[in-house]
Structure formats: structure tokens, C-alpha cells
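Beneath this line is the structure, given in C-alpha cells, with notes to follow.
Along the sequence shown, residues carry numbers from 1. Predicted, not measured: the structure shown is a model, and the values here were computed from it.
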Amino acid sequence: MGKDVKTIRRADALRQMEVREDQFGHRVLFSIQFYNNRGEVVSMSHAYTCGLKVSLKDNRLRGLQQTDAAGNKIGHVVPLSIDNIRMFNNQKVVL
């Protein structure tokens, strides 16, 4: 990553992830990169947040659903630790 890579604060990225629909009622998609439990980088070019069956606030987790470019679901909901977010919408996530 060069010096021209923009950054975003984690709190701002999390706020943007919580926006579920735009003013027209369409689902808001974003791109994200994060580290999984094995330390591997996972990239999702189109995803949105959804619920998990755990306390998201207490466990510092968010649920991610990957989609194709048209917004159709791919795979299953993936739990994401907010501490493992690497990139959000092509911006490096910083504390």
C-alpha cells in the first residue's frame, strides 16, 4: 500500500456499516477486508451487515453477508470481529 491510500477511523466504518438502506429503499453494499480466526485476509467486494444469534455489542461482532454485484446472497452469514477489520471501501481502517 502506497502513501496515497486513504484511511478511515474504525468508529466511522462501523457507523457506515450500520446504514441498512439508502433513501430509495435499496440495500447499502460495501467492500471490506478483514482477518479471519486463522490470520488469513478475507476480501468481500460486495457485502452488507446482518444480525447474528449472539450479543453483537458484548462480543464486539458484526454479521456479514457476501453478495454478488446484483445484491444476491452468496454463501452464509460470516461473523466478523470489529478488531479484525483491515480495509473498508478501499480505505485503511485505523483506530
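A donor-acceptor pair is defined here as one N or O able to donate and one able to accept, closer than 3.5 Å; such a pair exists between the side chain of Asn89 and the backbone of Ser31. No donor-acceptor pair closer than 3.5 Å links the side chain of Asn59 to the backbone N or O of Leu61.
Taking NE2 of His76 as the reference point, atom CD of Gln66 lies at 10.0 Å (rounded to 0.5 Å). One finds the CZ atom of Phe30 at 9.5 Å from the CD atom of Gln16 (value rounded to the nearest 0.5 Å). Atoms NZ and OG1, on Lys92 and Thr7 in that order, are 8.5 Å from each other to the nearest 0.5 Å. Here Tyr35 contributes atom OH and Arg86 contributes atom CZ; the two are 4.5 Å apart, rounded to the nearest 0.5 Å. Atom OG1 of Thr67 and atom CG of Asn72 lie 8.0 Å apart (nearest 0.5 Å). Annotation: the span from Thr49 atom OG1 to Gln65 atom CD amounts to 11.0 Å, rounded to 0.5 Å.
Asn90 is linked by a side-chain hydrogen bond (donor to acceptor under 3.5 Å, both in side chains) to nothing, counting only residues two or more places apart in sequence or in another chain. Every residue two or more places apart in sequence or in another chain that forms a side-chain contact (heavy atoms from CB on, under 4.5 Å) with Glu18 is listed here: Arg20, Arg62.
One hydrophobic cluster, built from ILVMFWY side chains closer than 4.5 Å, holds both Phe88 and Val42. Hydrophobic clustering places Val78 together with Val93 (ILVMFWY residues linked when any side-chain heavy atoms are closer than 4.5 Å, directly or through intermediates).
No salt bridge links Asp22 with Arg27; every basic N to acidic carboxylate O contact stays at or beyond 4.0 Å.
Within a 6.0 Å radius of CG in Asn37, no more than 12 heavy atoms belonging to other residues, nucleotides or ligands are found.
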List the steps and the verdict of side chain to side chain contact (heavy atoms under 4.5 Å, CB included) for Phe34 and Glu40.
CA-CA 8 Å; Phe34 59 93; Glu40 301 166 336; over 6 Å; no
Start with the C-alpha gap between Asp83 and Arg10, add the side-chain angles, then the distance that decides, and say whether salt bridge (charged side-chain N to carboxylate O under 4.0 Å, His left out) holds.
CA-CA 9 Å; Asp83 298 318; Arg10 181 172 62 188; 2.8 Å; yes
Take Ile32 and Met44, measure what side chain to side chain contact (heavy atoms under 4.5 Å, CB included) needs, and give me the verdict at the end.
CA-CA 5 Å; Ile32 191 165; Met44 293 184 178; 4.0 Å; yes
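Looking at Ile85 and Leu14, their side chains come closer than 4.5 Å, going by heavy atoms from C-beta outward.
A donor-acceptor pair shorter than 3.5 Å can be found between the side chains of Ser43 and Gln33.
Evaluation of the salt bridge (charged side-chain N to carboxylate O under 4.0 Å, His left out) test over residues 41-50, restricted to residues two or more places apart or in two chains, returns none.
With Met17 as the fixed residue, the side chain to side chain contact (heavy atoms under 4.5 Å, CB included) test singles out one of Leu80, Val28, Ile82, Asp12: Leu80.
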